[in-house]
Amino acid sequence: MKRSLLILLILTVFLVNSIGQNINTDRAYRDSLKSQLFVADNDSTLVQILNSLAESYWMSEYDSSIFYARNGLLIARKSNYQAGEVNSLLTLSLVSSVIGDVVKGYEYSSMAIKLSVALKNEHLLSKSYSAFGQALSSSGKYRESIRAIKKALTFKSKDPLQLMANYAQLSDCYARLNMADSANYFGKKTFNEINPDILNPPYPLRIVANMHRRLGAKNLALSFYKQSVKSSFNKDDDVSLTKAYLDISRLYHQNGLTDSTFYYADLALLNSKKSRSIVLIIEVSEYLANLYTAIDLRKALAYANESNAARDSLKFILQEQSIKSFNDFDQKLKELEIQQSRNELRAKIRQNTFIGSTFTLLVIAFALWRNNRIKQRGKKRVEKAYDKLKTAQQKLIHAEKMASLGEITAGIAHEIQNPLNFVNNFSDLNRELLDEIEETINKGDQSEINQLIEDLKENEKKITHHGKRAEEIVKSMLLHSRTGTSEKEETDINALADECLSLSYHGIRAKNNQFRAHFVLNSDPHLPKTHVVRQDIGRVLLNLINNAFYAVAEKSKVAEGEYNPQIKVITQSSKNEIIIIIKDNGIGIPDEIKDKIFQPFFTTKAAGEGTGLGLSMSHEIITQGHRGTIEVESNQGYGTFFEIKLPIKGNT
């Protein structure tokens, strides 16, 4: 056994050394592309270079691939280079599918399909439907994936590698559905597209090897598996390398070669961890657990635990993505433009307010100096100037309210597009399903008809789900955007606080998709409903929660060591009042300015980031509009505590 392992180890080292020169060549290619970034003379060229870099990294370094693709997408969108935008979206879709984030895979490929249709570019349409099929396959929807790939094949594409990949994908999906004849048919078509004079991509080579393994040609299968290994090394592709090692292990296991089975299984696990693909780690760990079940229960349990841990990690990531899926680059560019316009508007308003206030003070001083001679004339001038100042202040307060709403709606607007994309895509699939049902009815295959009808029902459920999701988002936005009548109405403070907390977090995530924070609402289940002006109390909560997220975001920029941003909103009730508490562990408020924070126009934020009216407006709404109190406690460097008290009786 030791001798066999030694021979296998020597062969592996020889293989790595023999293709080391190709890997160095690939790295040289990347370095060459990076050097071209600094001399690109237009945006289109720059986007093409960024996309080439993203494609060169996408199977080896996901972070780098995502980084270059995102930057390419932003520049392409800004310069209206739609073909470059499609290629960036396709790379992001493929990376998302590989690492298990199928929600993003759907989203990016759906956007690519929409743009490709607008461009009427068949090559990009073929690539876009292929990426959509890959996302479906990654989530286990093999029948839907087959339909998407067949749709891709209906478009003309001059790329032979794309055609080979489509055939390979179809073969793989049919194999996973245990439809061996169809899997072998498309496996042979994949084999016919392989060029023996070049080093082909690893994925089609592995699919051809799988076909030979199913047909019992183990020597041919092993030959193509080794070609896939060599190609994976050449492409620095840890994902394909892992899958090739895993398939080789299965081949040896099928033929009863125990040493080789475990050797290649261990190599597969090692490379799955290098690839950082949680989906692969789960698959390989479960395979090893099954192998060891018959010979070593302790090791089998260890690998099973490793698989479960990876599965829990993947579940957490996907949950996080589904809750915080507001990372849309098209919306980000629009937000940048909106923010720029908003900053210019605020600067003009501040300038006009300053000029108006100064002029008013001069007029008042002049009127007092000459009050004995022109008392009536001075009085009229003062009243006129006061009216102008009051109007300017009202406009500024309105701008502050709209700015707060804009920060939230900017983060939510894209969320409406997501369910609509799903509705459109599944509607397209349903039209194709209806065509297939019609053909199958003519053939008289009842079992296939039943399966297609089940698929149709499943898609209709998804369309209904995402339609209702879009409807709820629109209702929420309309509720917060309506002006209101300033009339008090019976309000559930718990529901309002939960809504404001969620919307505020989405707003700051829309401006900075890297931001993360833990936020929680500890609500009193027995909190009574109370009569308040819902829009005004909502603005107060949004303002305080926005400030809390701003404080923890600023602290995260300067914090040393491990720092976990935390926001907590608490609701309580006593005999005669409702208490709302907003706590954060952010930068805090210095003692010397605590007494100034409720003054109009006072702000510690950078120019263009705040008008200084948020807390002043909140104080007025609570104390004058609702006869309540608002108090603050803060410890600089450790956090801030706001407490709002609203009377239950007598506030109507």
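Fair warning: this is a prediction, and the values are worked out from it, not measured in the lab.
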Let's go through Ser88 and Asn51 carefully: what are the C-alpha distance in whole Å and the side-chain angles of both, what is the deciding distance for side-chain hydrogen bond (donor to acceptor under 3.5 Å, both in side chains) to 0.1 Å, and is it a yes or a no?
CA-CA 6 Å; Ser88 298; Asn51 284 340; 2.6 Å; yes
What verdict does the side chain to side chain contact (heavy atoms under 4.5 Å, CB included) test give for Ser126 and Asn166, after you've listed the backbone C-alpha separation in whole Å, the side-chain angles of each residue and the deciding distance to 0.1 Å?
CA-CA 9 Å; Ser126 178; Asn166 286 338; 4.0 Å; yes
The test is side-chain hydrogen bond (donor to acceptor under 3.5 Å, both in side chains); show your working for Lys114 and Asn424 and say whether it passes.
CA-CA 10 Å; Lys114 182 179 178 181; Asn424 291 335; over 6 Å; no
Stepwise side chain to side chain contact (heavy atoms under 4.5 Å, CB included) check, Ile146 with Leu177
CA-CA 11 Å; Ile146 289 170; Leu177 291 171; 3.8 Å; yes
Could you walk me through whether Phe224 and Phe191 pass the side chain to side chain contact (heavy atoms under 4.5 Å, CB included) test, one step at a time?
CA-CA 10 Å; Phe224 278 100; Phe191 174 76; 3.4 Å; yes
Leu170/Thr190 under side chain to side chain contact (heavy atoms under 4.5 Å, CB included): CA gap, chis, key distance, verdict:
CA-CA 10 Å; Leu170 286 170; Thr190 306; over 6 Å; no
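Ion pairing between a basic and an acidic side chain is recognised when a charged N comes within 4.0 Å of a carboxylate O; Glu306 and Lys273 show such pairing. Note on Asp247 versus Lys243: no salt bridge recorded, every NZ/NE/NH1/NH2 to OD/OE distance being 4.0 Å or above. Ion pairing of Glu554 with Lys557 is present here, as a side-chain N (NZ or NE/NH1/NH2) and a carboxylate O approach within less than 4.0 Å. Salt bridge annotation for Glu144-Lys150: absent, with no cationic side-chain nitrogen under 4.0 angstrom from a carboxylate oxygen.
For the atom pair CD1 of Ile113 and NZ of Lys151, the computed distance is 9.5 Å after rounding to the nearest 0.5 Å. Here CG of Leu53 is found 10.5 Å from CG of Asn71. Values are rounded to the nearest 0.5 Å. For the atom pair Lys461 NZ and Thr464 OG1, the distance stands at 10.0 Å (nearest 0.5 Å). Summarising the geometry, atom OH belonging to Tyr129 is positioned 13.0 Å from atom CG belonging to Leu124; distances are rounded to the nearest 0.5 Å. To the nearest 0.5 Å, atom OH of residue Tyr263 and atom OG of residue Ser249 are 12.0 Å apart. One distance of note links CZ of Phe132 with OH of Tyr108; it measures 15.5 Å at 0.5 Å rounding.
A 4.5 Å side-chain heavy-atom check between Arg206 and Gln227 finds every atom pair outside the cut-off. Ser427 places a side-chain heavy atom less than 4.5 Å from the side chain of Ile463. No side-chain heavy atom of Met164 sits less than 4.5 Å from a side-chain heavy atom of Lys189. Under the 4.5 Å side-chain criterion, counting only non-hydrogen atoms from C-beta, Tyr287 is in contact with Leu246. Looking only at side-chain heavy atoms (C-beta outward), Leu241 and Pro202 stay at 4.5 Å or farther from each other. The shortest distance between side-chain heavy atoms of Ile567 and His518 does not fall below 4.5 Å. Between Tyr563 and Lys555 the shortest side-chain heavy-atom distance falls below 4.5 Å. By the 4.5 Å heavy-atom criterion applied to side chains, Arg70 and Leu92 are counted as neighbours.
Of the N and O atoms on the side chains of Gln169 and Tyr203, at least one donor lies less than 3.5 Å from an acceptor on the other residue. Donor-acceptor pairing under 3.5 Å is lacking for the side chains of Asn290 and Glu286. Donor-acceptor pairing under 3.5 Å is recorded for the side chains of Tyr106 and Ser139.
Here the shortest heavy-atom pairing between Leu205 and Ser231 reads CD1-CB, 4.1 Å. In this structure, Val229 and Ala244 approach most closely via the heavy-atom pair CG2-CB, 3.8 Å. Minimum interatomic distance between Cys173 and Ser145 (heavy atoms only, all atoms of both residues): SG-OG, 3.5 Å. Nearest heavy-atom pair, Ala112 versus Leu90, reported as atom, atom and distance to 0.1 Å: CB-CD2, 3.8 Å. Contact detail for Gly187 and Val208: the closest heavy-atom pair is O-CG2, 4.0 Å. Residues Lys188 and Met211 come closest through the heavy atom pair N-SD, 3.3 Å.
Using cut-offs of 30° and 60° on the angle between ring planes, the pair Phe549 and Tyr505 is tilted. Taking the six-membered ring where tryptophan is involved, the planes of Tyr264 and Tyr245 are tilted, since the angle between them lies from 30° to 60°.
In this structure a side-chain-to-backbone donor-acceptor pair under 3.5 Å is missing from Ser285 to Ile282. Side-chain atoms of Ser171 come within 3.5 Å of backbone N or O of Ala183 as a donor-acceptor pair.
With sequence neighbours excluded, the residues forming a side-chain contact (heavy atoms from CB on, under 4.5 Å) with Ala221 are His212, Arg213, Tyr225, Leu251, listed by chain and number. The ring-ring contact (aromatic ring centres under 6.0 Å, His included) check on Tyr303 picks up Tyr292, with sequence neighbours excluded.
Atom OH of Tyr185 is surrounded by 12 or fewer heavy atoms from other residues, nucleotides or ligands within 6.0 Å. Sparse packing is recorded around CG of Asp181, with 12 or fewer heavy atoms of other residues, nucleotides or ligands lying under 6.0 Å away.
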